[in-house]
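Everything below concerns the one structure shown next.
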Amino acid sequence: MSRSVALRTSKNTMMLLAGNLTRMAATFGFVLYSAASLGLEGFGKYSLALNLFELFLGLAATAVGILLTRDVARWPRRLNSLLTSAILLSLALATCAPVLMIAMGIGFGYAPDTIRALGIASLGLFPAVVCVLLEAVFVAKERAEFVTIGTALESGLRIGAGLVALQLGCGVLTLMTILVVSRFVQLVAYGFAMRGIVHFRWQLLRKPTWRFAMRWRVFAAENWLASIYMNLDVLILSWISGEAAVGLYSAAGKFVRLGSIFSRSFTTAVFPVMSRMFTQSPEAFHRFYQVSIRVMYTVAFPIVIGVTVMTDRIVALLYTDEYQNAGPVLRVLIWLVLIDFLNPFLSHVLFAQGRQHRSMHVAAISLCVNSVVCFLLVRNYGALGAAMGSVFGGLVAMCCYLTFAVPRQDVVATFTLAFRVLLAALGMGVAVFWMRNEFLVAIGLTSVVIYVALLFVVQAIRGEDIRFFKSILRARTAS
């Protein structure tokens, strides 16, 4: 990796990570407060409405944003026509969302106030989809600091106003209204930020717009399948077990999402770099994703093992007694951290290679497997069954992604490395188990020391990894 590439990747990853960390930390605190204030069923209604909002936002904008990032990185002079095409396409998709969201609420038998909350939330999709596309431009232009600022602004406004609303005794409908307002404020902020980067002007050209839509089709098919797959557990759970079960499941799921922010920030930041690297230097591209996978294993496994050992104490510390049954759900669901680290990155490796159809195949396989397994398990085990189905479907997807994205000669090495890292994490887990009732800071510091030492013992960390990170640090220092 060259010094300039390392610098850009480090900078954009850190900016996106900082924004996501700030948002997720604030959101997690708000989740804890709202879970206690709204109660199990009320929190389930809020989580369900928010989940469906995120689902339809992904359906309307995520695939368009990924394609826009890649195309702007490759053809920066076409930004005006590309962004115009992307906005029109995403807004057209968002227009269908309100009807579909309300129809789903009625069809699944949700409570009347849940359906009204879905109707309010659907209005926030219109500014939200444009924000996603402007973020794609910021990332493609390697100005991720604007994403960090906009994310912090939206989160701060939504969470601050939400806390006040909960203290005043307001409910889910007010929280959804705040969500809509905060998204409009974020859009205004992004509009001002865009003026400092490029002089955007609308450029609607029939042929470029048509070509953009044609390229989008495969991205959309993959993204829609993946989005439905990732939200299928909540949809099936809400249909079979109701909003209260969603509240229990979401209480565990919100904690799990904290572990995936590093991977998603890193993946978003490096995607334009990988897109250029694949065409300019296939060898560097191959080296880059090899080291990235190794880093993700190293970060994910200790989180998974540590939380598995400490689940009961974590749930008791964070939630009221009403959520005590979230412990077994979290113990299973925490394995999604490893899956969420790898799967989005591997899908973007395929995107950078121009093999997005392979990612679409993985999404289709995962959706079929998860829909059957999750339905059967939820019927018998409720929220715990939804967790087991999600993890199983994610593991199937991971195996498929590794098969398609990683050359055969590297697959064995990848699994060998994973096994070594897992051994080190299990050794750390034994130490955490014996210390599980001690002061949390002491547990954390001791587990880090033990884990790092065991990584060297099992040879999961090699000299080339240290040299890789030194090159990034040197590049940042030189700036």
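Predicted model, so just to flag it, every value in this text is computed and none were measured. In what follows, residues are counted from 1 in the order of the sequence shown.
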Is there any ring-ring contact (aromatic ring centres under 6.0 Å, His included) pair reaching into residues 149-193, and which pairs are they, with sequence neighbours excluded? F138-Y190

Shortest non-hydrogen contact from [X] to [Y]?
X    : Y    : value
I334 : T308 : CG2-OG1, 3.5 Å
G389 : N370 : O-OD1, 2.8 Å
G394 : N343 : O-ND2, 3.4 Å
A86  : V64  : CB-CG1, 3.5 Å
I450 : A431 : CD1-CB, 3.4 Å

Please list, chain by chain and in numerical order, all residues satisfying side-chain contact (heavy atoms from CB on, under 4.5 Å) with L153, sequence neighbours excluded. V185, A189

side-chain contact (heavy atoms from CB on, under 4.5 Å) filter on M104, not counting sequence neighbours, yields L52, F56, F108, L235

How about [X] and [Y]: do any of their side-chain heavy atoms sit closer than 4.5 Å?
X    : Y    : answer
L330 : V307 : yes
L175 : L179 : no
L123 : P98  : no

For Y381, I'd like to know if atom OH has over 12 heavy atoms of other residues, nucleotides or ligands within 6.0 Å. no

Heavy atoms of other groups near R313 CZ, more than 12 under 6.0 Å: yes

Among all residues two or more places apart in sequence or in another chain, which pass the ring-ring contact (aromatic ring centres under 6.0 Å, His included) test with Y319? Y323

Would you please name every residue forming a ring-ring contact (aromatic ring centres under 6.0 Å, His included) with F43, sequence neighbours left out? none

Any side-chain to backbone donor/acceptor pair from W224 onto L59? Under 3.5 Å, distance only. yes

Does a salt bridge link R436 with D312, judged by any charged N lying under 4.0 Å from a carboxylate O? no

Is there any side-chain hydrogen bond (donor to acceptor under 3.5 Å, both in side chains) pair reaching into residues 106-131, and which pairs are they, with sequence neighbours excluded? K45-D113, Y110-S238, T114-E243

